[in-house]
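What follows is a set of notes on a single structure, which appears directly below.
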Amino acid sequence: MTVRTRYAPSPTGALHIGNVRSGLFAYLFARHKRGQFILRIDDTDQERSTQESLDEILESLRWLGVDWDEGPPDRRYFQSSRFERYREGARQLLREGKAYPCYCTVAELEAMRQAAQREHRKPGYDGRCRNRTAPADLPQVALPDKSAGRDYTIRFRSPRVGETVVDDLIKGRAVFDNAELDDLIIFRSDGVPTYNFATVLDDADFGMTHVVRGDDHLPNTPRQMQIFYALGLQPPAYAHLPMVMGPDGAKLSKRHGATSVFAYRDLGYFPEALLNYLVRLGWSHGDQEIFSRDEMIEFFDFANCGKSAGIFNADKLLWLNFHYLKERPLERLAAEVKPFIAKRGWPIPGDEAWLQRMIATLRERAKTLVELVDFAHFYLVDPITLDPKAAAKFLRAEIIEPLTALTDELEALDGEFNEAAVQPAFERVLAKFGIKLGQLAQPVRVALTGGTVSPGIYEVIAVLGKARTLARLRQAIAAAR
RNA sequence: GGUCCCAUCGUCUAGUGGUCAGGACACCGGCCUCUCACGUCGGGAACGCGGGUUCGACUCCCGCUGGGAUCACCA
């Protein structure tokens, strides 16, 4: 049987990295098995679903390169277009006496919960409407519709005895006592189906063979399985992935800072790095740390998934990003860096070759595209501003003469203005004044970059070019006076 | 509180009865060096506790402790 997995985000906010990791694992499993990966949009909650969130989810997945075989823009993969199907499913259950109307109000339900809590009983629904409607009348019960005065909900009649066994591909066997499962609402009084019900119908209709999701859904699983059984359907196989936690050990959420895919994209991270980080959080292949997409697909297996929650480690993600930054072709980097330069409001160099040379000097000093661009400030913008502390320390009166001599030497250079030509000029000045390279390089560095940290001084000079180098040296000499 | 899940360095993890418990990130130190990085070499750092099973437990079983998830007319 062809494996079919799905990722079913709800368009009620940004695409969160803990959440997208579940999607990634579902994707990898499907690809590994040469099956199909389906993207479905769980938008039954019309109140909270937005077009912006949907757009962000779709664009995030495309950016990550997680492609789907079926899904948007096909409307059939939106729950909002399947309401008639859910109604049909609910009618079937009603007809067969496996669901019933519940007339309890929200206030009553709340009181019920509080009383249960007070008396240390389980807080679930007590089933008081279970037998309120005569079995013979159940098939005639109309679905809720507030505006038509049918202000009640439909509940699933969950079995009270026996147990439900979840043979999870990652967690192993989990047994739930059916007595613990209360009768959950499958249709709200506003006529909208609830998640647990819609999901079951979708997973069944779309032929899902494996449901891969976060283990926060594990408690839902026996309920969903019972709905499958009631509908006369076979539940899929389940694989519940451990959660991703924040540094404080609680489920990762917005309050942990940058958590959306877009946030990392905008911070200058590469999709390869994010994917690589996410896949190694909860899954392993021996000691291997770096995985290409093809390798992830080739090696992925639930057997190598861990069972325990993992804490999101921003440092390791940064290290991975650095790894991909170092090995990225300069040509590609040059293209990718431009939007970040634009975002800073700095001019984008027109000379592609020059841009690449510039990046080459910076790439081992930055871990993200944002860092790289910030570091490139002195290359991109004229005039530079000298850091006062650096200038006070290195642009002192005694360096004026050597700096002037260097300026003259550099100005006298003909031909290629490159590292090989610049170095001898430095050496002549060093010899003339009897000073060490460090004593000259730092003042020059401050003069050319405004600060004390930069790529090798010869590289900087070569990339800056003769005119800008001389201008900045003269400006610095003037400042030293 | 009920139910369910989980438990190897600070973090991610390898390990499937016999290993000096391995790797990675981070951290510390040496080397390289014009600064900062990169690179490189080296270092500290873990099997939560208690019972079993076994000739032998990080590995298997039970209990405890600890952490997490979930208990909506959200998904």
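Computed from heavy atoms alone, side chains included, the values below leave out hydrogens, waters and symmetry copies. As the structure is a computational prediction, the values presented were derived from the model and not from experiment. In the text below, chain A, chain B and the rest are named by the order of the sequence lines, each starting its count at 1.
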For this session: Just call it for A:Cys305: base, sugar-phosphate, or nothing, with non-hydrogen atoms closer than 4.0 Å on any strand.
Result: nothing
Exercise. Across the strands shown, which category fits A:Phe322 at heavy-atom distances under 4.0 angstrom: base, sugar-phosphate, nothing?
Worked result: sugar-phosphate
Among the nucleotides [options], which one has an atom lying closest to any side-chain atom of [X]?
X	options	answer
A:Asn313	B:G10, B:U70, B:C71	B:G10
A:Met245	B:G2, B:A24, B:G68	B:G68
A:Arg365	B:C38, B:A37, B:C73	B:A37
A:Ala441	B:C38, B:C74, B:C34	B:C34
A:Ile185	B:C4, B:A72, B:A14	B:A72
A:Asp287	B:C74, B:C36, B:A14	B:A14
A:Ser10	B:C73, B:A24, B:A75	B:A75
A:Thr194	B:C36, B:C74, B:A72	B:C74
A:Val106	B:U3, B:C73, B:U35	B:C73
A:Tyr458	B:U11, B:C34, B:C5	B:C34

Exercise. Starting at NZ of A:Lys436 and ending at C1' of B:U33, how long is that distance when rounded to a whole Å?
Worked result: 12 Å
Exercise. In whole angstroms, how far is the P atom of B:A26 from the CG atom of A:Leu320?
Worked result: 10 Å
Exercise. Can you find an N or O donor on one side and an acceptor on the other, under 3.5 Å apart, linking the side chain of A:Glu289 with the base of B:G23?
Worked result: yes
For this session: Return no unless some side-chain N or O of A:Thr44 is found under 4.0 Å from OP1 or OP2 of B:A75.
Result: yes
